[in-house]
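Take a look at the structure set out below.
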Amino acid sequence: MKKDKVIENTLLLIIVIVTFFNLFLLNAEIQKLVLTFFFIVYTFVLTKILKFRKVDNKNKRKLLILIIGLSILQILILYIIGIFTGFYKNINANRKVILSTALPYIIIIIFSEIIRQIFVTKESKKNTIIITIALVLAEISIFTNLYKVWDLSEILVLVGYITIPSISVNLLCNYIVKKYGLFPNILYRVITGIYIYIFGVLPDIYIFFQSIYKIIFPYITYIIIDDLFENNKFKKMAKREKTNIISLIISIVLVTSIVMLVSCKFKYGILVVGSSSMAGTIDKGDAVVYKRFEDEQLEKGQVIIFLKDDIKTIHAIEDVQLKNNEIIYHTKGTNNEQKDEGYRTNKDILGIVKFKIIDIGWPTIWVNELFNK
């Protein structure tokens, strides 16, 4: 018995180590091939050493139909939203990418679900946690290469768009595999993941909303399954879970509003001041709330936000002139001795500063400085 436990722990350790170090391989294609080969070999060894426990459930066929419907619905909703937000050409929708990325993705999903069923059905919390970590690391390997993640924005995308949604999906898959087996999970993950390699266009939806959507939908799927197929005891638990949805939605709305402000997706935006060029008027570490510029008339003395060498700059208008029937603006930081080089036009201006909030931007500055060292 003790020997079996040692073997089991060793196998868990191996998959965590391999999936972790695979993240750091230099080439993304090699990364996927290594992971694919490892999962095939690992599954073969695992099924020889540990027992594969079959899961029998009278609702298995009904669940398969439900999973197919919910998976298609998840994609359909994205494309309906795309009608209002627009679409962009999908560069992944070609034969070469399908063979190099989509095919390994499907193979990894199939074998990872076999691995999940072997470990999760053993009813060990430790096994479930460890194998979930390994499978999340594997999914990160499929969609990104850590050598390409070099700045704060890309790290936030890695965490928010890939890692957290992957955790959400894996928690749902853990729940499903214990009660209904691995086939519903394979269907769910293939359908909701493979469309990005098939369709010629993809919805042009702000990445933050896609992240929230990918986190929430597995949770909604869990609630639906629990409501339809579980007994009264679990239904009572599901009802309690439903009450938590309200607080979850409120939290999402609040977080969404903050992110929308930061990205200026609303009429108003917020921006942290990272330099001392406006010191005395707006200091480093302050955050300014600004109104999106809509070609209105500007005057000397107004503080504006404009793009200069692809960097957002907050300076005051020093002079307004007419040049070749176009209004131009000379700008200057109130703490600078000289005017900014050149001039700004309406197309350079992003917004008009309305007011400042003192010192709340320091955490953002510290994090940026940390990653830019």
Exercise for the section: Kindly check if the number of other-residue, nucleotide or ligand heavy atoms within 6.0 Å of CZ (Phe217) is above 12? Expected result: yes
Exercise for the section: Report yes if the side chains of Ile133 and Phe20 come closer than 4.5 Å at any heavy-atom pair, otherwise no. Expected result: no
Exercise for the section: Would you mind reporting whether Tyr329 and Asp319 have side-chain heavy atoms less than 4.5 Å apart? Expected result: no
Problem - Aromatic ring proximity Phe293/Phe306, centre distance under 6.0 Å - result: no
Handout entry: Close side-chain approach of Phe355 to Ile357, heavy-atom, < 4.5 Å
Key = yes
Problem - Residues Glu341, Lys308: salt bridge by 4.0 Å N-O rule - result: no
Handout entry: Asn185 side-chain N/O to Cys173 backbone N/O, donor-acceptor pair under 3.5 Å
Key = yes
Exercise for the section: Please confirm whether the backbone N or O of Ile164 pairs with a side-chain atom of Ser168, one donor and one acceptor, at under 3.5 Å? Expected result: no
Problem - N/O donor-acceptor pair under 3.5 Å between Lys32 side chain and Ile142 backbone - result: yes
Handout entry: Aromatic ring pairing Tyr197/Tyr105, orientation class (parallel under 30°, perpendicular over 60°, tilted between)
Key = tilted
Handout entry: Donor-acceptor contact below 3.5 Å, side chain Asn336 vs main chain Lys332
Key = no
Handout entry: Close side-chain approach of Val303 and Tyr290, heavy atoms under 4.5 Å
Key = no
Problem - Intermediate values then yes/no, side chain to side chain contact (heavy atoms under 4.5 Å, CB included), Gln117 and Val177 - result: CA-CA 6 Å; Gln117 180 154 333; Val177 80; 3.6 Å; yes
Exercise for the section: Could you tell me whether the side chain of Asp348 and the main chain of Leu307 form a donor-acceptor pair under 3.5 Å? Expected result: no
Problem - Lys126 atom NZ, neighbour heavy-atom count above 12 within 6.0 Å - result: yes
Problem - Min side-chain heavy-atom separation Tyr213-Gln74 under 4.5 Å - result: yes
Problem - Tyr175 and Tyr222 aromatic centres sub-6.0 Å - result: yes
Practice task
Could you tell me whether the side chain of Asp286 and the main chain of Asp283 form a donor-acceptor pair under 3.5 Å?
Solution key: yes
Handout entry: Sidechain-backbone polar pair: Asp359 side chain, Gly285 backbone, donor-acceptor under 3.5 Å
Key = no
Practice task
Kindly indicate, with the supporting measurements, whether the criterion salt bridge (Lys or Arg N to Asp or Glu O under 4.0 Å) is fulfilled by Glu296 and Lys291.
Solution key: CA-CA 11 Å; Glu296 57 261 56; Lys291 177 181 173 293; 3.0 Å; yes
Practice task
Measure from the side-chain N and O atoms of Lys356 to the backbone N and O of Thr281, and report whether any donor-acceptor pair falls under 3.5 Å.
Solution key: yes
Handout entry: Check ion pair Glu113-Arg116 (N to O, under 4.0 angstrom)
Key = yes
Problem - Backbone of Leu25 reached by a side-chain donor or acceptor of Gln31 within 3.5 Å - result: no
Practice task
Ignoring hydrogens and angles, state whether a donor on the side chain of Asp340 or His315 is under 3.5 Å from an acceptor on the partner side chain.
Solution key: yes
Exercise for the section: For the pair Asn90 (side chain) and Ile196 (backbone), establish whether a donor and an acceptor sit closer than 3.5 Å, ignoring hydrogens and angles. Expected result: yes
